[in-house]
Amino acid sequence: MKKSKILMLLPAFLLVGCAKSINKEDAQAKAKQINEYQEQHPITEFKFEMHSLEQEDEEKEESTASYEFSEEKCYFHAKYEDKDLYAYKKDSKYYVVDAVAKQYSEFEGEEAKASFDYMIAGQKTQIAGRFTGMARVDIDGLLTHYVPAPNADVKYSTKGDGSLIVEASYKGSEGGATGEVSAKVVWDKYYPTEMSVKINSSEEGHSFKSEMSVKFEYSVNPSFVDLSSGYTKAN
């Protein structure tokens with residue numbers, strides 16, 4: 001899709017919350033506190049789901065991606081676009097399952113864990129990196145990237161230790177294009193819980209809409225594939 005130039009010129013990033021208002025200096029201190037906690041207490045179990053929508057005039061595209069990971073439970077699940085991949089330990093066996101191709105690989109015994117780990121290493125690294133990138137707080141980086149407009153409205157608030165909410169929004173026009181942005185990101189108990197961005201713009205009789213939302217959870221309930229229902233063993 002072709003994006004309106006208003007999105008390139010004047011994007012914005014909004015974080016909303018119902019909490020005690022603070023200034024940017026206090027928000028930076030909260031960010032430091034959250035980042036230090038994350039370094040000392042790395043998350044080994046999490047799940048998040050991302051939904052996005054882009055629409056230009058009547059042409060619309062939507063996508064959803066979900067990721068689950070638990071080091072302790074030896075469980076991994078990624079579903080996005082045309083991919084649906086599982087990796088898990090059940091009883092004494094390790095499985096890597098492609099739910100789209102209806103194929104699986106099976107490894108038995110602890111000595112087989114190295115093969116299992118090798119098969120999912122790339123996916124695990126990708127998901128962990130994506131999560132870490134969203135979990136860490138970089139206020140200046142966010143504002144520099146998403147709120148270059150000098151007159152964007154930016155607010156900060158907190159609910160206490162490990163909590164940070166920042167709000168930024170913009171509405172205006174540039175070179176015949178008009179646009180507005182609103183978004184929301186919340187860190188609670190030292191980790192992100194939700195984020196979203198909504199953009200609407202119009203230019204020369206054309207309209208553009210973009211939405212993105214992410215929900216985070218920190219408890220994973222593994223689900224295992226019924227391999228007897230038409231699956232083929234690959235190894």
Side-chain angles (χ1 to χ4, degrees), residues 1-19 21-25 27-28 30-31 47-67 78-84 100 126-127 129-158 164-188 192-217:
M1 283 188 177
K2 179 182 177 183
K3 295 185 178 181
S4 169
K5 67 184 180 182
I6 191 68
L7 304 179
M8 305 300 294
L9 294 172
L10 298 168
F13 197 82
L14 163 72
L15 316 168
V16 185
C18 181
S21 178
I22 57 176
N23 58 31
K24 185 175 181 179
E25 289 72 23
Q28 293 282 20
K30 287 288 182 184
K47 63 187 295 185
F48 61 93
E49 181 172 289
M50 307 175 66
H51 178 75
S52 63
L53 176 149
E54 285 195 2
Q55 181 172 349
E56 185 172 5
D57 297 330
E58 299 303 317
E59 183 183 355
K60 182 168 66 172
E61 295 178 3
E62 291 187 79
S63 64
T64 299
S66 60
Y67 304 90
K79 185 174 183 180
Y80 56 96
E81 296 177 347
D82 58 347
K83 306 291 184 182
D84 192 1
V100 176
Q126 180 184 27
I127 290 176
R130 182 171 293 187
F131 172 79
T132 301
M134 291 186 288
R136 185 171 178 81
V137 187
D138 178 5
I139 293 175
D140 289 336
L142 287 173
L143 296 179
T144 298
H145 184 73
Y146 291 101
V147 195
N151 56 342
D153 183 30
V154 182
K155 300 177 182 179
Y156 306 92
S157 58
T158 182
L164 179 62
I165 306 104
V166 184
E167 295 177 83
S169 59
Y170 174 82
K171 182 176 182 179
S173 60
E174 178 77 13
T178 62
E180 60 181 305
V181 180
S182 64
K184 177 180 181 181
V185 178
V186 178
W187 286 268
D188 189 37
T193 58
E194 61 178 294
M195 65 172 62
S196 64
V197 180
K198 294 183 179 180
I199 302 170
N200 287 281
S201 68
S202 61
E203 178 184 14
E204 298 177 350
H206 296 283
S207 63
F208 179 81
K209 178 180 181 180
S210 179
E211 297 182 359
M212 182 276 292
S213 63
V214 187
K215 294 289 186 181
F216 300 87
E217 296 180 33

For I165 against A19, the heavy-atom pair lying closest together: CD1-CB, 4.0 Å
Return the CZ to CD distance between F216 and E194, rounded to the nearest 0.5 Å. 9.5 Å
Side chain to side chain donor-acceptor pair (under 3.5 Å) filter on S21, not counting sequence neighbours, yields none
Calculate, to the nearest 0.5 Å, the distance between atoms OG and CD belonging to S63 and E54 respectively. 8.5 Å
With sequence neighbours excluded, what pairs up with H51 under the side chain to side chain donor-acceptor pair (under 3.5 Å) test? E62, T64
Rounded to the nearest 0.5 Å, how far apart are CD1 of I199 and NZ of K209? 12.0 Å
One should read off an interatomic distance between K24 NZ and I139 CD1, to the nearest 0.5 angstrom, of 7.0 Å
Could you measure the distance from the CD atom of E49 to the NZ atom of K215? Nearest 0.5 Å is fine. 10.5 Å
Please report the closest heavy-atom contact between S173 and Y170, naming both atoms and the distance. N-OH, 3.8 Å
Taking every heavy atom of Y156 against every heavy atom of A27, the minimum-distance pair comes out as CD2-CB, 3.4 Å
Under 3.5 Å, is there a donor-acceptor pair between the side chain of D153 and the main chain of A168? no
What one should report as the nearest heavy-atom pair of P192 and W187 is N-CD1, 3.5 Å
Provide the closest heavy-atom pair for K83 versus V100 in the form atom of the first, atom of the second, distance. C-CG2, 4.1 Å
Could you check whether any side-chain N or O of Q55 sits under 3.5 Å from a backbone N or O of D57, counting only pairs where one atom can act as donor and the other as acceptor? yes
First locate atom CD of E211, then atom OG of S196, and finally report the distance between them rounded to the nearest 0.5 Å. 9.0 Å
Using every non-hydrogen atom in the two residues, find where A31 and V137 come nearest and quote the distance to one decimal. CB-CG1, 3.4 Å
Under the criterion side-chain contact (heavy atoms from CB on, under 4.5 Å), I'd like the reasoning laid out for M212 against V214: C-alpha separation, chi angles, the key distance, then a yes or no. CA-CA 7 Å; M212 182 276 292; V214 187; 3.4 Å; yes
